[in-house]
Trainee: 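Please read through the structure below; I'll follow up with questions.
Order of appearance sets the numbers: ligands from 1, and atoms from 1 within every ligand. Count residues from 1 along the sequence.
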Amino acid sequence: MDKRRNSEIGTWRKLGVVGVPVSKGQRRDGTEKGPQALRDGGLVERLKKIGCDVKDHGDVNFGYLDEDLPHENVKNPRNVAMGSLRTADEVEKCLRTEGHCLAIGGDHSMAIGTIMGHARVHPDMVVLWIDAHADINTPLTSDSGNIHGMPLSIKVDQIAWIGLRDVDPGERKIIEKFGMNAFSMHDVDNNGIKEILKKALDAVDPTGTKPIHVSFDVDAMDPTHTPSTGTPVSGGLSVREMCFIAEELALTGRVAMLDIAEVNPNIGDEKDVNQTVNSTLDVVSRFYGHRRQGLFPTNYEIPTAILRRNSLINAS
Ligand SMILES: [Mn+2]
């Protein structure tokens, strides 16, 4: 039995929430409404209910420029760059005041800003990228020119992927060439999620001491759980596997930053959107101490009659 208890993991429960309403990193509108959809789904209330001290900092102001011509094949370069700098500033401020930051997006280009802001505060941070896609295209390897597929250009030993199942040939080449720690759904099926998470953590943080940045694209999960997302790929992680990842990472006490990317309320009907938001929030709460075996209560005394009936104390 796992002896680690909630009482051991209380100190990181103070956190700030930053909304990153970006959609210019890909071609579909809608991810700019992701932060509000997650708030409307009860994000802050759920975290408060499990004992978190949450402060919502509101949304980063993206203030789009009307004219933003492509740079070579890269779309919306100025909007994404400007928004990323503002995101980095907000994330940095949040991490310096609350110590932990939950960034709710937004398409996955949000991570350009969140990683930048996080690295200013913790230069030794490592990244776990949980996604169906590798997102390490560069303008040279990208067919689409969508920046949400290009935010990852950090040092190769600082990042590991989990959940991959749709990797572009150029990305595969980069992964092979640099021997990057990319764990696909094939690896998850082959080894189980427990082993894969351990391998990913050992790869980026062998000493078990570094601040962790989790960048979670909801399309890492199977589309049956998160249908309202722009680039769904079948055969993804189950809610159970994601909950396991989240609970284990929570127990490390080192998750300083969590991104939630690619919730798109414009995709699917109301039921799809509700399901996407609920599956996502189920996972988010596990990152902050909501454990499936139950929370460890701090102010509950088992009634004497029950103790006596079970011979746990002597009758007097
Ligand atoms: Mn993705």
Side-chain angles (χ1 to χ4, degrees), residues 20-35 37-38 74-76 80 84 103-115 127-138 141-154 159-172 174-175 180-188 196 200 213-239 241-242 245-246 258-268 272-273 275-277 279-280 283-284:
V20 189
V22 58
S23 62
K24 300 281 183 186
Q26 39 90 64
R27 70 192 162 82
R28 302 178 82 137
D29 284 339
T31 55
E32 75 282 358
K33 299 179 198 156
L38 291 165
V74 179
K75 292 168 191 154
N76 305 304
V80 174
S84 297
I104 48 174
D107 73 57
H108 218 162
S109 71
M110 69 184 285
I112 299 171
T114 62
I115 291 176
V127 179
L128 279 186
W129 194 272
I130 304 174
D131 198 327
H133 310 90
D135 293 356
I136 47 166
N137 267 307
T138 64
T141 60
S142 173
D143 285 337
S144 67
N146 293 329
I147 297 181
H148 78 152
M150 314 178 196
L152 275 176
S153 38
I154 60 172
I159 174 157
W161 290 260
I162 297 175
L164 299 180
R165 55 197 185 278
D166 182 14
V167 178
D168 296 340
E171 294 183 307
R172 188 70 235 168
I174 294 171
I175 289 167
M180 301 175 89
N181 302 295
F183 300 101
S184 69
M185 287 310 297
H186 179 94
D187 297 313
V188 173
I196 290 302
H213 184 122
V214 179
S215 206
F216 172 39
D217 183 328
V218 300
D219 72 28
M221 282 202 277
D222 194 83
T224 53
H225 305 305
T226 50
S228 295
T229 191
T231 48
V233 191
S234 62
L237 293 167
S238 65
V239 170
E241 285 166 325
M242 265 318 300
I245 291 175
L258 171 62
D259 302 330
I260 303 297
E262 303 282 352
V263 170
N264 188 334
N266 279 11
I267 295 174
D272 293 331
V273 175
Q275 186 174 10
T276 303
V277 167
S279 303
T280 302
V283 172
V284 169

Trainee: Considering only N, O or S atoms, which atom of Asp131 is nearest to the Mn ion (ligand 1)?
Mentor: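 Answer by atom name: OD1.
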
Trainee: Looking at His133, which of its N, O or S atoms is the nearest one to the Mn ion (ligand 1)?
Mentor: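 Going through the N, O and S atoms of His133 one by one, ND1 ends up nearest to the Mn ion (ligand 1).
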
Trainee: Just one of Thr276, Val284, Thr280 clears the side chain to side chain contact (heavy atoms under 4.5 Å, CB included) bar with Leu38, so which one?
Mentor: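 It is Thr280; the other options fail the test.
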
Trainee: Quick one: pull up CG in Asp222 and CE in Met185 and give me the separation to the nearest 0.5 Å.
Mentor: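 Going from CG on Asp222 over to CE on Met185, the span is 8.0 Å.
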
Trainee: Using distance alone, with no hydrogens and no angle criterion, decide if Asp217 and His133 have a side-chain donor and acceptor under 3.5 Å apart.
Mentor: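 There is no such pair between these side chains.
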
Trainee: Is it the case that the side chains of Asp219 and Thr229 hold a donor-acceptor pair, with the cut-off being a distance below 3.5 Å and no angle test?
Mentor: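 Short answer, no.
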
Trainee: Nearest 10°: the angle subtended at the Mn ion (ligand 1) by Asp217 OD2 and Asp219 OD2?
Mentor: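 For OD2 of Asp217 and OD2 of Asp219, the angle centred on the Mn ion (ligand 1) reads 90°.
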
